[in-house]
Amino acid sequence: MDATRDRQEELIRNAPEHKRAIAAFEERIGKVETVDQLLEDRELYVFVMKAFDLEDQIFGKALIGKVLRSDISDSSSLVNRLTDPRFRELHKGMGFVADGKTNTKTFSASWRAEMVDRYVGQRFESAQAEQNETVGTVLEFRRKAGDIKNWFDVLKDSELSEFMRTALGVPSQSAGLDIDKQVELFKAKFDITKLKDPAELEKLERRYVAISDAKAGVQSSANAALTLMNAAVSAGAGGQFTPITIDITAITALRKGY
């Protein structure tokens, strides 16, 4: 996946659909100073929404307008009240101020280049996610890991939460607990400061992929974890559930040999 990413992103840039979208963005975004101007240009608006992984919110133009006009320094503003971190990322990335009437970022060539890179990178991640949900989640984790400062940053993001619960063996039922209790569970499992270490990130990714593949039944004939899970189901026939302990280290070691 990593070895071919640059090549695949280059193919995305040169695909007719994306090439037209990028050209339109580069040509017209420099003239956009207000939120209204962005929202009125359908092509630019869609480009920006895709760049920030908000394709599922494209039809919520009224909401997006309010988000972009929000005062991020005001804790009661809409952008700070929405729990989905993508909206805050959109607001910060676009840089509209003064109630959406001013923007200096769009004049910057370097910012425009970063936005194109973001768009292409997101298209790549979306394509990977469509082909393999596990790979898509890992890519999403890699992109966001550098911005994680504490467990609350993880828990406010549903995809990061799912990734960390799976990789660390935290039960999915814990999502229903009080957030402070969830933080305690995660702290007992992992030191969040280790996310700054690339080696630790790789370990988490391997564990996530190994466990996800085990749950999905990937290469079931050679998957020790799946065998254990099937044994638990068989032993618990008739409505009884028999808990088992999975050796995560063994799973990870097995995965390396795939």
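These values consider heavy atoms only, across backbone and side chains, with no hydrogens, waters or symmetry-generated copies.
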Is the Lys NZ or Arg CZ of Lys61 less than 6.0 Å from the centre of Tyr45's six-membered ring, within 45° of the axis?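 Ring-cation test returns yes.
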Is the shortest heavy-atom distance from the side chain of [X] to the side chain of [Y] under 4.5 Å?
X	Y	result
Met94	Leu38	yes
Ile64	Leu90	yes
Glu55	Met49	no
Ile72	Val97	no
Met164	Phe190	yes
Phe87	Leu78	no
Arg69	Asp36	yes
Phe186	Leu155	yes

What distance separates [X] [atom1] from [Y] [atom2], expressed to the nearest 0.5 Å?
X	Y	atom1	atom2	value
Ile192	Lys187	CD1	NZ	9.5 Å
Arg5	Ile12	CZ	CD1	8.5 Å
Lys144	Asp153	NZ	CG	11.5 Å
Leu195	Asn150	CG	CG	11.0 Å
Leu82	Leu63	CG	CG	6.0 Å
Glu89	Asp84	CD	CG	10.0 Å

Closer than 3.5 angstrom, by distance alone: can the side chain of [X] be matched with the main-chain N or O of [Y] as a donor-acceptor pair?
X	Y	value
Asn80	Ser76	no
Ser77	Asp71	yes
His18	Val120	no
Ser161	Asp157	yes
Asp53	Arg86	no
Thr106	Val32	yes
Asn103	Thr34	no
Ser174	Val170	no

Minimum-distance pair of heavy atoms, taken over all atoms of [X] and [Y]:
X	Y	result
Trp111	Lys105	CE3-O, 3.4 Å
Gln122	Ala51	CB-O, 4.0 Å
Ala21	Tyr119	CB-OH, 3.9 Å
Ile29	Arg112	CG2-CD, 3.2 Å
Ser70	His91	O-NE2, 2.7 Å
Ala175	Gln182	O-NE2, 3.4 Å

Do NZ/NE/NH1/NH2 and the carboxylate oxygens of [X] and [Y] come within less than 4.0 Å?
X	Y	result
Arg123	Glu17	no
Lys203	Glu200	yes
Lys189	Glu184	no
Lys101	Glu33	no
Arg13	Asp117	yes

Donor-acceptor pair between Glu162 and Thr166 side chains, under 3.5 angstrom: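 Per modelled atom types, Glu162 and Thr166 side chains form a pair under 3.5 Å.
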Intermediate values then yes/no, salt bridge (charged side-chain N to carboxylate O under 4.0 Å, His left out), Arg206 and Glu202: CA-CA 6 Å; Arg206 285 185 178 278; Glu202 184 178 353; 3.3 Å; yes
Criterion side chain to side chain contact (heavy atoms under 4.5 Å, CB included) on Val46 and Arg42, from CA distance to verdict: CA-CA 6 Å; Val46 170; Arg42 170 76 179 175; 3.6 Å; yes
Taking it one step at a time, do Arg118 and Glu114 satisfy side chain to side chain contact (heavy atoms under 4.5 Å, CB included)? CA-CA 6 Å; Arg118 174 187 281 272; Glu114 289 174 8; over 6 Å; no
Before you tell me yes or no, could you show the steps for Ile179 and Trp151 under side chain to side chain contact (heavy atoms under 4.5 Å, CB included), namely the whole-Å CA-CA distance, both residues' side-chain angles and the distance that decides it to 0.1 Å? CA-CA 10 Å; Ile179 192 167; Trp151 283 112; over 6 Å; no
In terms of hydrophobic clusters joined by side-chain contacts under 4.5 Å, are Phe163 and Phe152 together?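 As far as the 4.5 Å side-chain criterion goes, Phe152 and Phe163 are connected within one cluster.
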Hydrophobic clusters here meaning ILVMFWY residues chained together by side-chain heavy-atom distances under 4.5 Å, can you tell me if Phe52 and Ile58 are in one?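 The answer is yes; both residues are in one hydrophobic cluster.
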So, using side chain to side chain donor-acceptor pair (under 3.5 Å) as the criterion, who are the partners of Ser108 when residues are at least two apart?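 Partners of Ser108 by the side chain to side chain donor-acceptor pair (under 3.5 Å) criterion, ordered by chain and then number, come out as Ser110.
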Atom NZ of Lys66: over 12 foreign heavy atoms under 6.0 Å: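 Open: at most 12 neighbouring heavy atoms sit under 6.0 Å from NZ of Lys66.
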